[in-house]
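Following: one structure in structure tokens, then a few remarks.
Scope of the values below: all heavy atoms of this structure, side chains included, with no hydrogens, waters or symmetry mates.
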Amino acid sequence: MSSDMPDVTSLSLDAALHVSFMDVDERCTVGHDAVLLHDNSPRQLSNIDQTHTASDERALNELVAPAISLRPLRQIETVKSSECLEGMASPSFRSVGTPRTGLNSSDHHPMLVEAWENLRKSLVYFRGKPVGTIAAVDSTQEALNYNQVFVRDFVPSAFAFLMNREPEVVKNFLLKALRLQAWEKRIDCFTLGEGAMPASFKVLHDPVRKSDTMIADFGESAIGRVAPVDSGFWWIIILRAYTKSTGDHSLADKPDCQRGMRLILTLCLAEGFDTFPTLLCADGCSMIDRRMGIYGYPIEIQALFFMALKCAKLMLKPEAGGKEFIERIDKRLHALSYHIRSYFWLDFQKVNKIYRYKTEEYSHTAVNKFNVIPDSIPDWVFDFMPTRGGYFIGNVSPARMDFRWFLLGNCVAVLSSLATPEQSSAIMDLIEERWMDLVGEMPLKISYPALEGHEWKIVTGCDPKNTRWSYHNGGSWPVLIWLLTSACIKTGRPQMARKALELVESRLSKDGWPEYYDGKLGRYIGKQARKFQTWSISGYLVAKMMMDDPSHLGMISLDEDKKMKTHLSRSASCTF
């Protein structure tokens, strides 16, 4: 999500920018802080066809199977880094006033047309081409950084445009994010890894000079100054979705796209001192972008890591080192799936097993491998865990298990087939069994339960935005409806998605499309929630279109890899 930063709309562009665009092919810089990126003259988006509709019961075996073939295009342009986003003027956006879906409100839910109109208002243009959607279009509150294009926020927007046969904005976004990846990335004189993707970018439009400026944030302006780990993973996932949806294999085969994937993989596949195949992360590096005690190996990042690896494997070419990366991906996927399925999984039987753990066990024969103290199991777990169902817990590390439920990580685990078919069914069973806790009156809880009292003070640092049952601390986020709907369709439970969609349609539009809701049941509009939050709008659109045509699931879901069922044996280095 978005983090706060000062609005500087009062600054004139003359004060913020010291250079204007020259020729389309020229490169210009603004002092040492910004880069002006140029494109060719704008192209019109191609006309779209009417959205296909189908019944909820359409057979899932009609979904198109992945088929990736690739062709090369031009190299990426090398540009310099933006040192910071602050002190720059706000961007200018242009939007299309009417939806292009051809939807007839008499045949479809009236929210659908309204949602498309609002989504188009959020479009951001760079030299006449749409390159993304801003986080929110709420004129009643200070913009802060909600007027930027966030990579993770754009994900449901990308899926919505692809499902609506409007791929141009997605293609432009992928290429612009890739160009920003090539920037030199520094925070307080420290350089980030070459493959890091920005958390967000901003477009500044100067109508006088007729110039556009694009500025990226890699964490140097974010709350807590944390770089996003998930941006690179989401970029790969969107690239695969674009390829799957359009059949345009040439984009993924561009030399710069191939290089971008390899750079991301270089960062996350680096070998070091970690003995786990999971990815070590800081607090605030993902959708939960404030301190919530998710440091270590958060399930959201591990599931996205797994999904991105599988997507990259489909698109990487063996040339230019790609074959080596494919081999490394295979090994990591195998180890990662075993680790997550074995050690992050929790059900009634596993709770009972942990409850009886012995501690201080030594050697490879240990049952309690991470030395988890049974007394650390929170009381709420015993009441929350039904006899039917299970889920991947939030975190596992030495002497620590975070038993909290996080929806995004569990749904991505289902969609990526990180979860086995049995585990996927158990996750959906749990949601059904604990419907009022996890869905309530407004889908869906981002995490459960909320941190309260002394624990809230210690873990969140007394964060006033993350008070109990609010924002990331047990708040309800409408955007997550697209993930639940996708998981429901994949596991053959469209009735659950339909029930959740009915709750969304009963309030979300009337409440002004807020970012999140507060309270145990999600009854109240979030106390600091922005209205007309773009991913609340696009999340609904994606869920609705998938219910109308479940074949759209093919651009999001990945099939199970049968090879990962092989049992992992102990390393030969353990025995002498």
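Phe344 places none of its side-chain heavy atoms less than 4.5 Å from the side chain of Met401. A heavy-atom distance below 4.5 Å is not found between the side chains of Val396 and Val372. Between Asn395 and Pro298 there is a side-chain heavy-atom pair separated by less than 4.5 Å. No side-chain heavy atom of Trp477 sits under 4.5 Å from any side-chain heavy atom of Leu444. When side chains are defined from C-beta on, Ser425 counts as touching Arg493, because their heavy atoms get closer than 4.5 Å. Residues Arg240 and Lys310 are not in side-chain contact: their nearest non-hydrogen atoms beyond the backbone lie 4.5 Å or more apart. A 4.5 Å side-chain heavy-atom check between Val351 and Leu346 finds at least one atom pair inside the cut-off. Contact check for Leu192 versus Trp183: no side-chain heavy atoms found under the 4.5 Å cut-off.
With hydrogens and angles disregarded, a donor-acceptor distance shorter than 3.5 Å links the side chain of Asn473 to the backbone of Asn466. In terms of modelled atom types and a separation under 3.5 Å, the side chain of Lys445 and the main chain of Gly474 share a donor-acceptor contact. At least one donor-acceptor pair closer than 3.5 Å links the side chain of Ser506 to the backbone N or O of Leu503. A distance-only check finds a donor-acceptor pair linking the side chain of Asp217 to the backbone of Gly219 [under 3.5 Å]. For Glu220 (side chain) and Phe218 (main-chain N/O), a donor-acceptor pair under 3.5 Å exists by modelled atom type. Remark: side-chain polar atoms of Lys121 are not paired, donor with acceptor, to backbone N or O of Val137 under 3.5 angstrom.
Residues passing the side chain to side chain contact (heavy atoms under 4.5 Å, CB included) test with Glu505, sequence neighbours excluded: His109, Met111, Tyr540, Lys544. With sequence neighbours left out, Ala500 forms a side chain to side chain contact (heavy atoms under 4.5 Å, CB included) with Trp435, Pro443, Ile481, Leu484.
Closest approach of Met197 and Ser231 over heavy atoms only: CB-CB, 3.8 Å. Between Pro374 and Thr359, the shortest heavy-atom distance links the atoms CD-CG2, 4.0 Å. The shortest non-hydrogen separation linking Gly293 to Arg404 is O-NH2, 3.5 Å. What you find for Lys490 and Leu415 is that their closest heavy atoms are NZ-O, 3.1 Å. For Pro156 against Gly539, the heavy-atom pair with the smallest separation is CB-N, 4.0 Å. Summarising the geometry of Arg341 relative to Ser417, their closest heavy-atom pair is NH2-O, 3.1 Å, with the distance given to 0.1 Å.
In summary, Asp383 and Arg434 do not engage in a salt bridge, as defined by a charged side-chain N under 4.0 Å from a carboxylate O.
At a cut-off of 3.5 Å, with distance as the only test, no side-chain donor of Thr534 or Thr133 sits close to an acceptor on the other residue. Using a 3.5 Å distance cut-off with no hydrogens or angles, the side chains of Asp289 and His472 do pair a donor with an acceptor. There is a side-chain donor-acceptor pair under 3.5 Å between Lys527 and Thr467. A donor-acceptor contact closer than 3.5 angstrom is absent between the side chains of Tyr471 and Asp463.
For the atom pair Ser139 OG and Phe532 CZ, the distance stands at 8.0 Å (nearest 0.5 Å). The OG atom of Ser286 sits 11.0 Å away from atom CZ of Phe233, with the distance rounded to the nearest 0.5 Å. Interatomic distance, CD1 of Ile238 versus CZ of Arg152, reported as 12.0 Å (0.5 Å rounding). For the atom pair His552 NE2 and Met546 CE, the distance stands at 8.0 Å (nearest 0.5 Å). Note that the CG atom of Asp347 and the CZ atom of Arg388 stand 13.0 Å from one another [nearest 0.5 Å]. Here the SG-CH2 distance, from Cys311 to Trp234, works out to 10.0 Å after rounding to the nearest 0.5 Å.
Atom CZ of Arg468 has 12 or fewer heavy atoms from other residues, nucleotides or ligands within 6.0 Å. No more than 12 heavy atoms of other residues, nucleotides or ligands shown are found within 6.0 angstrom of NZ on Lys520. Other residues, nucleotides and ligands contribute at most 12 non-hydrogen atoms within 6.0 Å of the CZ atom of Phe348.
Annotation: Phe382 is in aromatic contact with Tyr355 [ring centroid separation under 6.0 Å]. For Phe384 and Tyr448, the ring centers are positioned less than 6.0 Å apart. If you look at Phe276 and Phe370, their ring centroids are closer than 6.0 Å.
Checked against Phe392 for a ring-ring contact (aromatic ring centres under 6.0 Å, His included), the options Tyr343, Phe406, Trp345 give a single hit: Trp345.
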Could you go step by step and tell me if Phe161 and Ser538 meet the side-chain contact (heavy atoms from CB on, under 4.5 Å) rule?
CA-CA 9 Å; Phe161 283 119; Ser538 58; over 6 Å; no
